[in-house]
Amino acid sequence: MARRFPRIRRHGATGCAVPDRVGDPNRLGPAAPDHELINVHHARSTHIDALAHIPVDNTVYPGISVADATAGATVGRSSSSAFVDGIVTRGVFLDLAPRGRLPENHVVTADDLAAAERRQGVRVESGDALVVRGGWVAADDPFGPLPTTSLSAVEWMAEREVCLYAGDIGDKLPEPSAAAPVLHNTALAQLGMPLIDCVNAAELAQVCAEIERCSFLFALGTIPVRGATGLPVNPLAIF
(Lines give C-alpha, C1' and ligand atoms only; values in the text may rest on other atoms or scores of the structure.)
Protein backbone atom coordinates (compact mmCIF):
# COMPACT_ATOMS: atom_id res chain seq x y z
CA MET A 1 0.00 0.00 0.00
CA ALA A 2 1.27 3.43 -0.88
CA ARG A 3 2.08 5.66 2.05
CA ARG A 4 -0.64 8.11 2.94
CA PHE A 5 0.13 11.63 4.05
CA PRO A 6 -3.20 13.11 5.15
CA ARG A 7 -3.01 16.48 6.75
CA ILE A 8 -4.53 17.08 10.13
CA ARG A 9 -6.05 20.01 8.34
CA ARG A 10 -5.09 23.50 9.38
CA HIS A 11 -6.95 26.74 8.88
CA GLY A 12 -5.11 29.75 7.50
CA ALA A 13 -3.53 32.14 9.95
CA THR A 14 -5.22 35.49 10.11
CA GLY A 15 -3.06 38.41 9.07
CA CYS A 16 -2.35 40.82 6.29
CA ALA A 17 0.26 41.07 3.55
CA VAL A 18 1.43 44.53 2.48
CA PRO A 19 3.28 44.58 -0.88
CA ASP A 20 6.47 46.62 -1.10
CA ARG A 21 6.82 48.90 -4.10
CA VAL A 22 10.11 48.36 -5.90
CA GLY A 23 11.63 51.07 -8.07
CA ASP A 24 8.96 53.50 -9.15
CA PRO A 25 6.94 54.32 -6.00
CA ASN A 26 3.80 54.69 -8.14
CA ARG A 27 3.72 51.09 -9.39
CA LEU A 28 4.75 47.60 -8.43
CA GLY A 29 8.15 46.62 -9.79
CA PRO A 30 9.31 43.27 -11.18
CA ALA A 31 9.36 41.87 -7.64
CA ALA A 32 6.74 42.36 -4.96
CA PRO A 33 7.90 41.21 -1.52
CA ASP A 34 5.57 41.73 1.38
CA HIS A 35 5.50 42.17 5.12
CA GLU A 36 3.21 39.70 6.88
CA LEU A 37 1.61 40.19 10.27
CA ILE A 38 0.30 36.92 11.71
CA ASN A 39 -2.09 36.74 14.63
CA VAL A 40 -1.09 33.30 15.93
CA HIS A 41 -3.60 32.84 18.76
CA HIS A 42 -6.66 33.34 16.62
CA ALA A 43 -9.86 31.33 16.80
CA ARG A 44 -9.77 30.67 13.05
CA SER A 45 -6.14 29.61 12.58
CA THR A 46 -4.41 26.32 13.39
CA HIS A 47 -1.55 26.97 15.80
CA ILE A 48 0.47 25.43 18.60
CA ASP A 49 0.51 27.06 22.01
CA ALA A 50 3.83 27.34 23.81
CA LEU A 51 3.81 26.71 27.55
CA ALA A 52 4.26 30.43 28.27
CA HIS A 53 0.98 31.25 26.53
CA ILE A 54 -1.16 30.91 29.66
CA PRO A 55 0.07 31.95 33.13
CA VAL A 56 -1.61 30.59 36.26
CA ASP A 57 -0.99 32.36 39.57
CA ASN A 58 1.50 34.58 37.76
CA THR A 59 3.69 31.65 36.74
CA VAL A 60 4.15 29.58 33.59
CA TYR A 61 5.12 25.93 33.36
CA PRO A 62 7.23 24.63 35.10
CA GLY A 63 6.75 27.19 37.87
CA ILE A 64 8.62 30.09 36.28
CA SER A 65 7.42 33.57 37.16
CA VAL A 66 5.98 35.58 34.30
CA ALA A 67 8.57 38.28 35.01
CA ASP A 68 11.44 35.82 34.55
CA ALA A 69 9.86 34.14 31.51
CA THR A 70 9.42 37.45 29.71
CA ALA A 71 12.56 39.27 30.84
CA GLY A 72 14.40 41.12 28.08
CA ALA A 73 11.33 42.09 26.03
CA THR A 74 10.91 38.54 24.70
CA VAL A 75 9.74 35.15 25.92
CA GLY A 76 12.95 33.52 27.08
CA ARG A 77 11.46 30.55 28.95
CA SER A 78 8.78 28.02 27.97
CA SER A 79 8.49 29.59 24.52
CA SER A 80 8.18 28.51 20.91
CA SER A 81 11.92 27.81 20.91
CA ALA A 82 11.05 24.27 22.00
CA PHE A 83 9.25 23.67 18.69
CA VAL A 84 11.64 25.06 16.08
CA ASP A 85 13.31 21.68 15.46
CA GLY A 86 9.92 20.05 14.96
CA ILE A 87 8.04 17.33 16.82
CA VAL A 88 8.01 13.68 15.73
CA THR A 89 6.28 10.99 17.77
CA ARG A 90 3.56 8.36 17.54
CA GLY A 91 0.13 9.84 16.99
CA VAL A 92 -3.20 8.28 17.97
CA PHE A 93 -6.53 9.40 16.55
CA LEU A 94 -9.73 9.08 18.57
CA ASP A 95 -13.02 9.79 16.81
CA LEU A 96 -15.70 10.61 19.38
CA ALA A 97 -18.47 10.89 16.79
CA PRO A 98 -17.90 8.51 13.85
CA ARG A 99 -19.84 9.60 10.74
CA GLY A 100 -21.38 12.51 12.63
CA ARG A 101 -20.63 15.07 15.30
CA LEU A 102 -21.07 15.44 19.03
CA PRO A 103 -24.18 17.18 20.38
CA GLU A 104 -24.11 20.92 20.93
CA ASN A 105 -22.16 22.00 24.02
CA HIS A 106 -21.19 18.40 24.80
CA VAL A 107 -18.56 18.16 27.53
CA VAL A 108 -16.02 15.47 26.68
CA THR A 109 -15.13 13.23 29.63
CA ALA A 110 -12.59 10.53 30.36
CA ASP A 111 -15.31 7.97 29.61
CA ASP A 112 -15.74 9.41 26.10
CA LEU A 113 -12.03 8.98 25.38
CA ALA A 114 -11.89 5.49 26.85
CA ALA A 115 -14.98 4.44 24.86
CA ALA A 116 -13.38 5.66 21.62
CA GLU A 117 -10.27 3.63 22.43
CA ARG A 118 -12.30 0.46 22.88
CA ARG A 119 -14.38 1.10 19.77
CA GLN A 120 -11.29 1.64 17.61
CA GLY A 121 -9.11 -1.06 19.17
CA VAL A 122 -6.23 1.30 19.97
CA ARG A 123 -4.59 2.41 23.21
CA VAL A 124 -3.04 5.79 23.95
CA GLU A 125 0.40 5.31 25.46
CA SER A 126 3.13 7.40 27.09
CA GLY A 127 4.62 9.96 24.72
CA ASP A 128 1.80 9.83 22.17
CA ALA A 129 0.34 12.86 20.43
CA LEU A 130 -3.42 12.61 20.83
CA VAL A 131 -5.65 13.85 18.01
CA VAL A 132 -9.36 14.02 18.85
CA ARG A 133 -12.32 14.60 16.55
CA GLY A 134 -15.77 15.69 17.68
CA GLY A 135 -17.02 16.63 14.21
CA TRP A 136 -17.13 20.40 14.68
CA VAL A 137 -15.07 22.98 12.79
CA ALA A 138 -14.36 25.73 15.30
CA ALA A 139 -13.08 28.09 12.61
CA ASP A 140 -16.55 28.21 11.06
CA ASP A 141 -18.16 29.62 14.20
CA PRO A 142 -15.78 30.13 17.16
CA PHE A 143 -18.61 31.44 19.36
CA GLY A 144 -21.06 28.69 18.45
CA PRO A 145 -22.33 25.80 20.64
CA LEU A 146 -19.04 23.91 20.38
CA PRO A 147 -18.21 20.88 22.51
CA THR A 148 -15.58 21.40 25.18
CA THR A 149 -13.33 19.33 27.42
CA SER A 150 -13.77 18.35 31.07
CA LEU A 151 -11.17 18.11 33.79
CA SER A 152 -11.67 14.34 33.87
CA ALA A 153 -10.60 14.15 30.20
CA VAL A 154 -7.44 16.14 30.98
CA GLU A 155 -6.74 13.86 33.95
CA TRP A 156 -7.13 10.86 31.63
CA MET A 157 -4.57 12.37 29.24
CA ALA A 158 -2.22 12.99 32.16
CA GLU A 159 -2.55 9.38 33.34
CA ARG A 160 -1.71 8.16 29.83
CA GLU A 161 1.19 10.66 29.69
CA VAL A 162 0.04 12.27 26.43
CA CYS A 163 2.81 14.57 25.18
CA LEU A 164 0.67 16.81 22.95
CA TYR A 165 -3.03 17.38 22.30
CA ALA A 166 -4.57 18.37 18.96
CA GLY A 167 -8.24 18.37 18.11
CA ASP A 168 -11.37 20.09 16.92
CA ILE A 169 -12.52 20.10 20.55
CA GLY A 170 -10.89 22.74 22.70
CA ASP A 171 -11.82 25.32 25.29
CA LYS A 172 -14.64 27.75 24.65
CA LEU A 173 -13.55 31.28 23.97
CA PRO A 174 -13.50 33.48 27.10
CA GLU A 175 -16.96 34.69 27.94
CA PRO A 176 -18.91 35.01 31.21
CA SER A 177 -20.94 31.84 30.59
CA ALA A 178 -18.03 29.67 29.45
CA ALA A 179 -16.72 26.87 31.63
CA ALA A 180 -13.18 26.95 32.98
CA PRO A 181 -10.71 26.45 30.08
CA VAL A 182 -9.20 23.24 31.44
CA LEU A 183 -7.10 22.45 28.36
CA HIS A 184 -5.30 25.77 28.59
CA ASN A 185 -5.35 26.34 32.36
CA THR A 186 -4.57 22.76 33.37
CA ALA A 187 -3.13 20.67 30.51
CA LEU A 188 -0.97 23.45 29.06
CA ALA A 189 -0.18 25.65 32.05
CA GLN A 190 0.11 23.08 34.83
CA LEU A 191 0.95 19.79 33.09
CA GLY A 192 3.21 21.20 30.38
CA MET A 193 1.21 19.66 27.52
CA PRO A 194 1.46 21.72 24.30
CA LEU A 195 -1.89 22.28 22.54
CA ILE A 196 -2.67 22.56 18.85
CA ASP A 197 -5.81 24.65 18.59
CA CYS A 198 -8.36 24.91 15.78
CA VAL A 199 -7.70 21.60 14.05
CA ASN A 200 -9.91 20.09 11.34
CA ALA A 201 -9.56 16.31 11.63
CA ALA A 202 -12.07 15.36 8.90
CA GLU A 203 -9.48 14.18 6.37
CA LEU A 204 -7.61 12.17 9.00
CA ALA A 205 -10.87 10.52 10.10
CA GLN A 206 -11.60 9.48 6.54
CA VAL A 207 -8.18 7.93 6.01
CA CYS A 208 -8.20 6.11 9.36
CA ALA A 209 -11.61 4.63 8.52
CA GLU A 210 -10.47 3.55 5.03
CA ILE A 211 -7.33 1.74 6.18
CA GLU A 212 -8.74 0.67 9.58
CA ARG A 213 -5.80 2.11 11.46
CA CYS A 214 -5.75 4.86 14.06
CA SER A 215 -2.05 5.17 14.92
CA PHE A 216 0.56 6.84 12.74
CA LEU A 217 3.75 8.88 12.70
CA PHE A 218 2.87 12.36 13.90
CA ALA A 219 5.12 15.02 12.36
CA LEU A 220 5.01 18.73 13.06
CA GLY A 221 7.18 21.39 11.49
CA THR A 222 7.08 25.08 12.33
CA ILE A 223 8.60 28.30 11.13
CA PRO A 224 11.85 28.76 13.13
CA VAL A 225 10.69 31.62 15.31
CA ARG A 226 12.07 31.60 18.84
CA GLY A 227 10.81 33.49 21.87
CA ALA A 228 7.11 33.49 20.93
CA THR A 229 4.04 32.17 22.74
CA GLY A 230 2.89 30.11 19.76
CA LEU A 231 3.34 29.40 16.05
CA PRO A 232 1.15 28.57 13.05
CA VAL A 233 1.51 24.89 12.18
CA ASN A 234 0.51 22.25 9.63
CA PRO A 235 0.59 18.87 11.45
CA LEU A 236 0.85 15.67 9.39
CA ALA A 237 -0.20 12.08 9.99
CA ILE A 238 2.09 9.68 8.12
CA PHE A 239 0.99 6.08 7.58
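Because the structure is predicted, anything quoted here is derived from the model rather than measured.
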Reported [atom1]-to-[atom2] distance for the pair [X] and [Y], which is rounded to 0.5 angstrom:
X	Y	atom1	atom2	value
Leu217	Phe239	CG	CZ	10.0 Å
Leu195	Leu188	CG	CG	4.5 Å
Arg123	Gln120	CZ	CD	14.5 Å
Asn234	Leu220	CG	CG	8.5 Å

Output yes when a side-chain donor or acceptor of [X] lies under 3.5 Å from a complementary backbone atom of [Y], and no otherwise.
X	Y	value
Lys172	Phe143	no
Thr46	Cys198	yes
His53	Leu51	no
Thr70	Val75	no

Of all residues at least two apart in sequence or in a different chain, which pass the side chain to side chain contact (heavy atoms under 4.5 Å, CB included) check with [X]?
X	value
Val107	Thr148, Ser150
Val225	Ile223, Ala228, Leu231
Arg77	Ile64, Ala69
Gln190	Val56, Thr186

Any side-chain heavy-atom pair of [X] and [Y] under 4.5 Å:
X	Y	answer
His106	Asp112	yes
Val131	Phe216	yes
Asp49	Ile54	no
Phe93	Val207	no
Pro147	Pro103	no

- prompt: Going through the checks in order, is the side-chain contact (heavy atoms from CB on, under 4.5 Å) test met by Leu113 and Val132?
  reply: CA-CA 9 Å; Leu113 299 174; Val132 175; 4.2 Å; yes
Determine all donor-acceptor pairs shorter than 3.5 Å in which one atom belongs to a side chain in residues 158-171; sequence neighbours excluded.
| residue | atom | partner | partner atom | Å |
| --- | --- | --- | --- | --- |
| Arg160 | NH1 | Glu117 | OE1 | 3.2 |
| Arg160 | NH1 | Glu117 | OE2 | 2.5 |
| Arg160 | NH1 | Val124 | O | 3.2 |
| Arg160 | NH2 | Glu117 | OE1 | 3.1 |
| Glu161 | OE1 | Ser126 | OG | 2.6 |
| Tyr165 | OH | Ile169 | O | 2.6 |
| Asp168 | OD1 | Gly134 | N | 2.6 |
| Asp168 | OD2 | Gly134 | N | 3.2 |
| Asp168 | OD2 | Gly135 | N | 3.0 |
| Asp168 | OD2 | Trp136 | N | 3.4 |
| Asp171 | OD1 | Val182 | N | 3.3 |
| Asp171 | OD1 | Leu183 | N | 3.2 |
| Asp171 | OD2 | Leu183 | N | 3.2 |
| Asp171 | OD2 | His184 | N | 2.8 |
| Asp171 | OD2 | His184 | ND1 | 2.6 |

Could you tell me which non-hydrogen atom of [X] sits nearest to which non-hydrogen atom of [Y], and how far apart they are?
X	Y	value
Ala50	Ser78	CB-O, 3.7 Å
Ser45	His47	O-ND1, 2.7 Å
Cys214	Cys208	CA-SG, 4.1 Å
Ser152	Ala110	OG-N, 3.1 Å
Thr74	Gly227	OG1-O, 3.4 Å

Decide whether [X] and [Y] are clustered together by the hydrophobic rule: side chain heavy atoms of Ile, Leu, Val, Met, Phe, Trp, Tyr closer than 4.5 Å, transitively.
X	Y	answer
Leu151	Leu130	yes
Leu236	Val84	no
Phe83	Val60	no

Which residues pass the side chain to side chain donor-acceptor pair (under 3.5 Å) test with [X], not counting sequence neighbours?
X	value
Asn185	none
Asp68	Ser65
Gln206	Glu210
Thr59	none

task: Scan residues 84-99 for pairs that pass side-chain hydrogen bond (donor to acceptor under 3.5 Å, both in side chains), counting only residues two or more places apart or in two chains.
output: Arg90-Asp128, Asp95-Arg133
Selection residues 212-230 - residue pairs positive for side-chain hydrogen bond (donor to acceptor under 3.5 Å, both in side chains), sequence neighbours left out: His41-Thr229
- prompt: Passes side-chain contact (heavy atoms from CB on, under 4.5 Å), Thr109 versus Thr149? Steps please.
  reply: CA-CA 7 Å; Thr109 66; Thr149 307; over 6 Å; no
